[in-house]
Participant: 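Encoded as structure tokens, here's the structure I'll be asking about.
All values derive from a computational prediction rather than experimental measurement. Within every chain, numbering begins at 1; the chains are lettered A, B, ... in the order of the sequence lines, protein sequences first and strands thereafter.
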There are 2 protein chains.
Amino acid sequence: MKLITRNTDYALRAACYIAAQRQRTVSVPELVNKLRIPRQFLRKILQVLNQHNILLSHKGTGGGFILARPADKIFLLDLIRIFQGGLKINKCMFKKSPCPNVKSCALRKRIIKIEEFAYSQFKRVTLSVLMKASKKANVK
Amino acid sequence: MKLITRNTDYALRAACYIAAQRQRTVSVPELVNKLRIPRQFLRKILQVLNQHNILLSHKGTGGGFILARPADKIFLLDLIRIFQGGLKINKCMFKKSPCPNVKSCALRKRIIKIEEFAYSQFKRVTLSVLMKASKKANVK
DNA sequence: TGTAATGATACCATAATAGTATCATTTGTC
DNA sequence: GACAAATGATACTATTATGGTATCATTACA
Ligand code: FES
Ligand code: FES
């Protein structure tokens, strides 16, 4: 079971890379070269990020993408929502038995709790947080 | 994204039903009739539950399945492990950048936390807990 | 006006999940 | 012992979600 799909993963990596370039626009060829993400797939992803106002795009020669807002205002949760339609961890399984539509069901409760927890965790991860982690790694 | 697959769901329902019958063996035809789970799929699932010592099977006329141990000793987490190979929520995505193999990565930390939390929640759900919930529902 | 970029969109491939079919084996009953 | 009613084992198919590709249109700079 995956919490994060490859869509989201690639989006996150690309956004991180772009964030690190400050206000310089970054093109797909550059991203492909640095991140080794399949070109067409990456393009599709970046287009979606643009549509959702995570990135701004610039067409034409010398064009590319930049962040639409500061790196500490872009949350992993945003990307998950975009590419995975939110977590929507689970509609309850037991459609009929044993719990028809009980508020008190233990299973339902747990699932909701897990979902809320996952949200709260992913809300704390921003691009800038991830970039810091990566900096430390490179410095080591 | 599903925390619980249909395998596990069906297994849980079937096990709950069987648990409610005490020591009476319950056959596939009966389960199909009551739970409306596709017959062959259910059979496969029950066979797996038998192999993993959640259920005991009894062949021949009048045969069927009973719980291999008390309902409060059968955990949802067991079933998830069996049918979904544990939660194994996520091996880290960023294979290279931005965090090569850093202990301190924010994302990794979150993912591990979520995984642990999910485990702890599912460990608390037993067949008997679910049966209680369902009882309440039916009484209401 | 040519070229380097993205926009839009339709299509294909792979893998995970869900479900089916079939034959073999065991066991109770007449 | 024969038959029927159950499970055991296993191989196959179908559906869906994910991952990935290809192509043509549009924009913008030089
Ligand atoms: S299992 Fe769904 S309400 Fe209880
Ligand atoms: S994203 Fe994997 S270690 Fe940070």
Side-chain angles (χ1 to χ4, degrees), chain A residues 1-14 18 24-33 35-66 68 79-80 82-88 90 93 95, chain B residues 1-14 18 24-33 35-66 68 79-80 82-88 90 93 95:
Chain A
M1 200 223 48
K2 284 182 220 151
L3 230 37
I4 294 179
T5 62
R6 209 171 299 186
N7 271 339
T8 309
D9 173 32
Y10 286 165
L12 201 52
R13 292 198 226 178
I18 292 167
R24 182 168 74 77
T25 64
V26 182
S27 71
V28 167
E30 177 176 350
L31 286 166
V32 167
N33 182 30
L35 304 180
R36 302 280 145 195
I37 295 172
R39 184 191 155 89
Q40 297 301 341
F41 197 21
L42 177 60
R43 289 196 60 212
K44 200 160 61 169
I45 288 167
L46 294 177
Q47 284 177 17
V48 171
L49 288 177
N50 178 44
Q51 283 156 12
H52 285 82
N53 270 289
I54 304 290
L55 300 180
L56 297 178
S57 75
H58 196 173
K59 280 183 174 182
T61 308
F65 298 84
I66 57 171
L79 304 188
I80 289 177
I82 291 170
F83 292 104
Q84 305 173 211
L87 284 171
K88 61 169 178 320
N90 247 352
M93 297 257 96
K95 278 145 210 168
Chain B
M1 198 221 54
K2 284 182 220 149
L3 228 38
I4 293 179
T5 62
R6 209 171 299 186
N7 270 340
T8 309
D9 173 31
Y10 286 166
L12 200 51
R13 293 198 225 178
I18 292 167
R24 183 168 73 79
T25 65
V26 182
S27 71
V28 166
E30 178 176 350
L31 286 166
V32 166
N33 182 31
L35 305 180
R36 302 279 145 194
I37 296 171
R39 185 191 155 86
Q40 297 301 340
F41 198 19
L42 177 59
R43 289 195 60 210
K44 200 161 59 170
I45 288 167
L46 294 177
Q47 283 177 17
V48 171
L49 289 177
N50 177 45
Q51 283 157 11
H52 285 81
N53 270 292
I54 305 288
L55 300 179
L56 299 178
S57 74
H58 195 172
K59 279 185 177 180
T61 309
F65 297 85
I66 57 172
L79 302 188
I80 289 177
I82 290 170
F83 291 104
Q84 306 172 212
L87 284 172
K88 61 170 175 330
N90 248 353
M93 297 257 96
K95 278 144 208 168

Participant: So, is Tyr10(B) near the phosphate of dA18(C), with a side-chain N or O under 4.0 Å from OP1 or OP2?
Facilitator: no
Participant: Under 4.0 Å: is that the gap between some side-chain N or O of Asn50(A) and OP1 or OP2 of dT6(C)?
Facilitator: no
Participant: Atom CD1 of Ile4(B) and atom P of dT17(C): how far apart are they, to the nearest Å?
Facilitator: 14 Å
Participant: Using OP1 and OP2 only, check whether a side-chain N or O of His58(A) sits under 4.0 Å from dA4(C).
Facilitator: no
Participant: NA contact type, Gln51(B), heavy-atom cut-off 4.0 Å: base, sugar-phosphate, or nothing?
Facilitator: sugar-phosphate
Participant: Taking for each residue the nucleotide of DNA chain D bearing the nearest heavy atom, is the 5' side occupied by Gly62(B) or by Gly60(A)?
Facilitator: Gly62(B)
Participant: Quick one: Ile45(B) CD1 to dG19(C) C1', roughly how many Å, whole number?
Facilitator: 10 Å
Participant: Looking only at side-chain N and O atoms, does Arg6(A) come under 4.0 Å of OP1 or OP2 in dG20(D)?
Facilitator: yes
Participant: Taking atom P of dT13(D) as reference, at what distance in whole Å does atom CZ of Phe41(B) sit?
Facilitator: 18 Å
Participant: Starting at atom CG of Leu46(A), determine the distance to atom P of dA5(C), rounded to an integer number of angstrom.
Facilitator: 14 Å
Participant: Grab the CZ-C1' distance between Arg43(A) and dA8(C) for me, whole Å please.
Facilitator: 9 Å
Participant: Using whole Å, report how far CD of Gln47(B) lies from P of dT26(C).
Facilitator: 14 Å
Participant: Specify the separation, in whole Å, of atom CG of Leu42(B) and atom P of dG8(D).
Facilitator: 12 Å
Participant: What's the closest nucleotide to the Lys44(A) side chain, out of dA10(C), dT7(D), dT3(C)?
Facilitator: dA10(C)
Participant: What nucleotide among dA8(C), dG19(D), dT7(D) has an atom nearest to a side-chain atom of Lys59(B)?
Facilitator: dT7(D)
Participant: Look at the side-chain N and O atoms of Ser57(B) and state whether any lies under 4.0 Å from the OP1 or OP2 oxygen of dG8(D).
Facilitator: yes
Participant: Calculate the interatomic distance between Leu3(B) atom CG and dA16(C) atom P; express it in whole Å.
Facilitator: 18 Å
Participant: Which listed nucleotide (dT7(D), dG19(D), dG28(C)) is nearest to the side chain of Thr5(A)?
Facilitator: dG19(D)
